[in-house]
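Here's the structure, in structure tokens; my notes come after.
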Amino acid sequence: MSVIQIMDEDLANKIAAGEVVERTMNVVKELVENAIDAKSTEIKIELIDAGIKEIRVIDNGIGMNKEDAVLAFSRHATSKLKTLDDLFHIHSLGFRGEALPSIAAVSHLVLKTSDGKEGTLVEIDGGKMKDVTSCDLRKGCDITVSDLFYNTPVRLKYLKNMYTELAHITDYVHKMALSYPMIQFQLKNNGKLLLSTDGSNRLLKVINDIYGLAVTKKMVEINGENDDYLVHGYISYPELMKSNRNAITVLVNGRFIKNNELNKIITESYHTYMPPDKYPIVILSIEADPILIDVNVHPTKMDIKFSKMETLKELITSLITDKLEHLTLIPDASVTTVVEGNSTKISNHYSTPTTQEFDYVVKEKEFENYEKMTLNLEVKKEDEVIDSLKDKEERDALPFDDEDEDETPRMKEMYPVGLVHGTYIVAENEDGMFLIDQHAANERINYEYYLAEMSRPKKEKMDLLVPITVELPTNEYLILKENFNVLEDLGFLFEEFGRNTIIIRTIPLWLRRSREEDAIHKIIDIIVETEDFKSEKFFHYIAATVACKASIKANDFITLDEMRTLLSRLRSCKNPFTCPHGRPTVITYSKYELERLFKRAM
Ligand code: ZN
Ligand code: ZN
């Protein structure tokens, strides 16, 4: 019996609206997704000139009989959809069936297919069926689409954009390989191998095949669930920065989607671990009851809506931040791990790391995870709690060690040896040598301090010996006046003092640590520019700005003692590894790396 069914007119039109073949990528997508729906375990994609000259997709799926092979090119045929309702409850990749005739209409197409019993060859030219014959083929499909757009004016446009086309296709095949680690993918352009995965159903192995070993080493696994969602995947160390969101891959029930809100949640989980214009590499697989998912009406957008977004957001955010909070994130000075560029460059540095190398990384990772699980889980003893209460007043006077005092520092102790260029502290411990950016380190310390102080409900205040007056242009003063309460909430006492001027007599105690006047002007600037004072971002911005102002600068020659204090304070930070702007505070040459560089160890 034929597996392809004729779908109704309404559905055909609905799909056709969004299913226009615009790029070579659309063709590759259609053919690859057909291959996946046909239960293939091996899919080979061979391109000539980024698919502009030729796209060939070979699979080992269930194939078609003669009747289906011919029917596949009639405009209203689809094996997947019957009614419009099905479109929204579809479990296969769906949405297509309509694209195949569209592709055939703008190319020379040869389909060879076999269901294991008979082999069929169908040849179509610009939408006209030329030939249907029998042929020999093992089970599966082998489709060649050549001279795409040869009978349309768009063709010329694409000839100019070969690399863009290739980048789109590569990106798409990467995402499919990540979505289907159990399928063996191979992608070639002009005979050159761009990607090869082994179908062994190991996600980390696919990550390795796509991004290489250096990246794979810096990926960590996350795993978690709540009542509605199950999340599994890999996230990169913050040092692996990309300048675009392309390396964030989100799969929902095994299907690749694009969702800006999820991308934002992921990126924001890296807040202050990474500069704001950089993005991590993340592969996240979400499993959810289809009832919670609303497929976007426009089938080509690959977007969906979640009905319980808040709980999903909480889950993802906590999984990523918890993971980042338990990693030692000191980048290795001798390894360049910043991943830049786009996927077109992959053809230049594609190499297959040996399986042995990869297996080693996997073992190392398992060990790491084990180590992390055996983290200090000591329960605070009763007397310690009492002790800490006793000292509380004293402790409150010290800016650094309130809360979290029994938490193991995330960084080993480092001993300073000197200063380079009045900027970088050189330090050491048994693990190796460290370079610390004194400004970035100080900024992180101050930032966490200000942030903690600002979020205290009751703020201690101090009177200024000499009050500070601030005069603003009328427009800015009006905005400030409207937000006097924000300034009060931050702990300032002030009054209006003549035209467009306020006089500040009392400031929050925490501001004492900075150059007050400078800091006050900065804070007022921020209030005048900001729109949302309630958000965490407002506090983050004030804390980061004031911290920068209050921190030692480059070319401040600090003493060894000051370095010691700085390093020990850095160690007690929640995140000692990056400044509030996401730049690293410390990099390292490991002991082994030093020995290797000096050829003491090979
Ligand atoms: Zn700064
Ligand atoms: Zn900074």
Side-chain angles (χ1 to χ4, degrees), residues 237-243 267-280 321 324-325 327-331 333 337-338 399-400 410-411 414 416 419-427 434-455 490 510-527 529-530 535-558 562-563 565-588:
Y237 276 56
E239 67 191 84
L240 287 185
M241 289 177 226
K242 298 270 288 175
S243 39
T267 318
E268 278 177 0
S269 304
Y270 277 80
H271 183 61
T272 85
Y273 279 98
M274 211 176 251
D277 56 341
K278 296 278 186 254
Y279 304 91
T321 52
L324 291 177
E325 267 164 30
L327 291 174
T328 302
L329 301 170
I330 306 179
T337 29
V338 177
F400 291 104
R410 299 175 61 190
M411 206 155 71
M414 299 178 293
L419 196 64
V420 178
H421 292 170
T423 304
Y424 309 107
I425 299 167
V426 183
F434 301 84
L435 291 173
I436 298 101
D437 180 322
Q438 64 181 23
H439 174 72
N442 199 190
E443 211 174 43
R444 163 56 65 178
I445 296 162
N446 286 333
Y447 169 73
E448 290 195 4
Y449 166 73
Y450 289 134
L451 210 53
E453 288 303 311
M454 264 190 270
S455 41
L490 285 170
W510 52 265
L511 213 62
R512 190 182 44 175
R513 282 160 50 93
S514 56
R515 267 155 274 178
E516 298 135 19
E517 189 152 0
D518 251 20
I520 289 168
H521 283 282
K522 262 287 155 210
I523 290 171
I524 289 177
D525 278 353
I526 294 173
I527 292 177
E529 285 160 19
T530 307
S535 78
E536 263 172 54
K537 270 193 193 139
F538 173 67
F539 288 114
H540 155 72
Y541 193 36
I542 289 204
T545 310
V546 178
C548 181
K549 285 258 167 242
S551 298
I552 35 168
K553 302 278 174 293
N555 288 316
D556 276 350
F557 285 84
I558 58 172
E562 289 170 317
M563 291 177 213
T565 314
L566 190 75
L567 293 185
S568 91
R569 284 174 171 183
L570 181 63
R571 246 184 112 223
S572 61
C573 284
K574 285 197 187 112
N575 164 20
F577 306 109
T578 52
C579 85
H581 310 95
R583 288 192 293 105
T585 54
V586 50
I587 57 173
T588 182

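Keep in mind that the numbers below use all heavy atoms, side chains included, and drop hydrogens, waters and symmetry copies. In listed order, ligands and their atoms are each counted from 1.
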Partner residues of Thr272 under the side chain to side chain donor-acceptor pair (under 3.5 Å) criterion, sequence neighbours left out
Arg444
What residue among Asp518, Leu490, Thr545 forms side-chain contact (heavy atoms from CB on, under 4.5 Å) with Ile523?
Leu490
Quick one: side chain to side chain contact (heavy atoms under 4.5 Å, CB included) partners of Thr565, sequence neighbours excluded?
Arg569
N, O or S atoms of the protein lying under 2.8 Å from the Zn ion (ligand 2):
Glu443 OE1, Cys579 SG, His581 ND1
With Ile520 via side chain to side chain contact (heavy atoms under 4.5 Å, CB included) - residues at least two apart
Ile468, Val470, Phe492, Ile504, Ile507, Leu511, Ile524
Nearest heavy-atom approach of Gly422 to Gln438 is O-NE2, 3.0 Å
What's the spacing between Glu453 CD and Phe539 CZ if we round to 0.5 Å?
12.5 Å
